[in-house]
Colleague: 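Structure provided below as structure tokens; questions to follow.
Side chains included, hydrogens not; waters and symmetry mates left out as well; all remaining heavy atoms used.
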Amino acid sequence: MNRTQLKRSGILRMALAGSETMDQDDHGQTFLFRALRIAAVVALYWFVSITMVFLNNHLLDNRDLDVPLFVTFYQCAVTVGLCWLLQLLSKLCPGLIDFPSVRFDVKTSREILPLSVVFISMITFNNLCLKYVGVAFYTVGRSLSTVFNVLLSYVILKQTTSFQALMCCGIILGGFWLGVDQEGIAGSLSWSGVFFGVLASACVSLNAIYTKKVMPAVDGNVWKLSYYNNINACVLFLPLILVFGELGHLASFSRLNDLGFWGMMTLGGVFGFAIGYVTGLQIKYTSPLTHNVSGTAKACAQTVIAVVYNSSSKSLLWWTSNMMVLCGSSAYTWVKSLEMKKHPRKDPEVSVKEKLLPGEKSNIGV
């Protein structure tokens, strides 16, 4: 028990230390080197995250292959395969690759099962939201995770939220409703996409809460948690794929024997796995607050790219809704960061939100 507590506290210290930890690690390195390294890490995060969103949209927007559950199942299977591969490489090249050795344990898998149910709901609803609303409206459609975080923290954890943080949530809600209104006026509103976006946002918050609860079962190691989570997800997806008749759609798909199609599917899984790594890398070399600011700027760039790519014409109020969501999310993170400095033991929410497991596609910055 003491060993587990030590590991958990060590993880929290690493996640929250931010620039202070980096100052110690960077002793003797030039400012130019540190600046270039941070720029490279941020650029890598932007590339992986934006590419992953557009790639998933391409896979899910295929009218000839309406199998969103199978696409998500396949990406989870790729994550499990990559975990096995990295375990093997870490044994062959221990000095080059550091990955925990994990042996599947039924008891541990059963302990993580509640989280896995929330996890598959989160990634499924997230992908369905992306399928129906597209990349341009995706930021707004998936914007309520912060609001649900506050609500569920109060209902489940009995944690109250400051007035300043609630004001930020109000800005996010205002941006969400304005965006929905503008999509409706433009005639491009998908109520199914909005519904799935709201469900995905709620599941993101539940996922953070359940992640905290099951972390001791894997000694606080996020890679072990990802391994068990994705194995459970693969098993849970199989009956869902059968119930919703996706195997029939898959069997009649004309490109089923096309290596290019499977290459794109596999690439989507690789990027889904990679986003967890680059998120942790960005937090390590900057700070949780800087990571969220970077994620907000990335979401803005992602929206602009989607609008330009699709040659869309959006109203001023539509752009205003996006900026309200992005500014409200950034302000909320900044407020919670200030509160963490004043009361470091009373508000673990920021550190929980910043932990993104490999294979997850879950926050405003992703």
Side-chain angles (χ1 to χ4, degrees), residues 1-8 10-12 14-15 52 69-124 126-127 203-204 206-243 246-247 262 265-280 352 355-362:
M1 185 66 183
N2 290 336
R3 178 169 161 265
T4 300
Q5 291 297 329
L6 282 171
K7 288 188 176 182
R8 292 178 65 192
I11 290 170
L12 286 173
M14 288 174 62
M52 183 189 71
L69 292 175
F70 176 79
V71 170
T72 313
F73 158 80
Y74 187 83
Q75 291 181 347
C76 290
V78 170
T79 296
V80 174
L82 287 172
C83 286
W84 285 339
L85 178 62
L86 288 174
Q87 283 186 69
L88 177 63
L89 292 176
S90 67
K91 292 177 181 177
L92 297 176
C93 312
L96 184 63
I97 298 175
D98 182 22
F99 196 86
S101 178
V102 184
R103 288 186 178 181
F104 184 78
D105 181 72
V106 176
K107 181 176 179 294
T108 303
S109 177
R110 193 164 54 243
E111 290 178 7
I112 294 171
L113 187 60
L115 171 65
S116 300
V117 173
V118 175
F119 175 68
I120 67 166
S121 301
M122 179 185 70
I123 58 178
T124 300
N126 190 75
N127 280 347
C203 289
V204 167
L206 283 174
N207 187 75
I209 292 171
Y210 277 98
T211 296
K212 284 179 63 181
K213 293 178 69 174
V214 303
M215 267 295 187
V218 290
D219 297 326
N221 190 297
V222 293
W223 293 109
K224 286 184 179 181
L225 184 58
S226 175
Y227 174 75
Y228 279 105
N229 218 8
N230 281 279
I231 285 180
N232 285 348
C234 288
V235 174
L236 292 171
F237 267 125
L238 289 175
L240 293 175
I241 291 170
L242 292 172
V243 168
E246 290 195 357
L247 279 182
W262 290 107
M265 288 278 286
T266 303
L267 193 61
V270 171
F271 273 92
F273 179 85
I275 190 64
Y277 175 75
V278 295
T279 297
V352 173
K355 286 182 183 177
L356 185 67
L357 296 177
E360 289 188 14
K361 315 159 184 67
S362 61

Colleague: Without swapping roles, check the side chain of Asp219 against the backbone of Asn221 for a donor-acceptor pair under 3.5 Å.
Modeller: no

Colleague: When you measure from the side chain of Asn232 to the backbone N and O of Ser109, does any donor-acceptor pair fall under 3.5 Å?
Modeller: yes

Colleague: CG of Leu238 to CZ of Phe70: how many Å apart, nearest 0.5 Å?
Modeller: 10.0 Å

Colleague: Identify the heavy atoms of Val118 and Cys203 that sit nearest to each other, and give their distance.
Modeller: CG1-O, 3.6 Å

Colleague: What are the two closest heavy atoms between Glu111 and Ala217, and how far apart are they?
Modeller: OE1-CB, 3.0 Å

Colleague: For Ser226, does its backbone N or O pair with a side-chain atom of Asn230 as donor and acceptor, under 3.5 Å?
Modeller: yes

Colleague: Show the nearest heavy-atom pair for residues Val222 and Met215, with the distance to one decimal.
Modeller: CG1-CE, 3.4 Å

Colleague: Counting distance only, does the side-chain N/O of Thr124 pair as donor-acceptor with the main-chain N or O of Ser121 below 3.5 Å?
Modeller: no

Colleague: Name the orientation class of the two ring planes belonging to Tyr277 and Trp223 (parallel below 30°, tilted from 30 to 60°, perpendicular beyond 60°).
Modeller: tilted

Colleague: With side-chain contact (heavy atoms from CB on, under 4.5 Å) as the test, would you mind laying out the steps for Phe73 and Glu246 before giving the verdict?
Modeller: CA-CA 12 Å; Phe73 158 80; Glu246 290 195 357; over 6 Å; no

Colleague: Given Asn229 and Val214, is the side-chain contact (heavy atoms from CB on, under 4.5 Å) satisfied, shown in steps?
Modeller: CA-CA 11 Å; Asn229 218 8; Val214 303; over 6 Å; no

Colleague: First locate atom CD1 of Ile123, then atom CG of Asn126, and finally report the distance between them rounded to the nearest 0.5 Å.
Modeller: 8.5 Å

Colleague: Checking side-chain contact (heavy atoms from CB on, under 4.5 Å) against Ile231, which of Val80, Ile112, Leu236, Val102 comes through?
Modeller: Val80

Colleague: For a side-chain contact (heavy atoms from CB on, under 4.5 Å) check, start with the C-alpha distance between Val78 and Phe273, then their side-chain angles and the critical distance, and finish with the verdict.
Modeller: CA-CA 8 Å; Val78 170; Phe273 179 85; 5.9 Å; no

Colleague: Any donor-acceptor pair under 3.5 Å linking the side chain of Gln75 with the backbone of Gly272?
Modeller: no

Colleague: Considering non-hydrogen atoms only, spot the tightest contact between Val117 and Ile120 and give its length.
Modeller: O-CG1, 3.3 Å

Colleague: Once rounded to the nearest 0.5 Å, what's the spacing between atom CG of Leu86 and atom OG of Ser101?
Modeller: 12.5 Å

Colleague: Taking the six-membered ring for Trp, are the ring centroids of Phe104 and Tyr228 within less than 6.0 Å of each other?
Modeller: yes

Colleague: Which heavy atom of Ala233 sits nearest a heavy atom of Cys76, and at what distance?
Modeller: CB-SG, 4.0 Å

Colleague: Rounded to the nearest 0.5 Å, what's the gap from CH2 on Trp262 to CE on Met265? Could you check?
Modeller: 5.0 Å

Colleague: Apply the test side-chain contact (heavy atoms from CB on, under 4.5 Å) to residues Phe237 and Thr72: give CA-CA distance (whole Å), side-chain angles for both, the deciding distance (0.1 Å), then the verdict.
Modeller: CA-CA 9 Å; Phe237 267 125; Thr72 313; 3.6 Å; yes

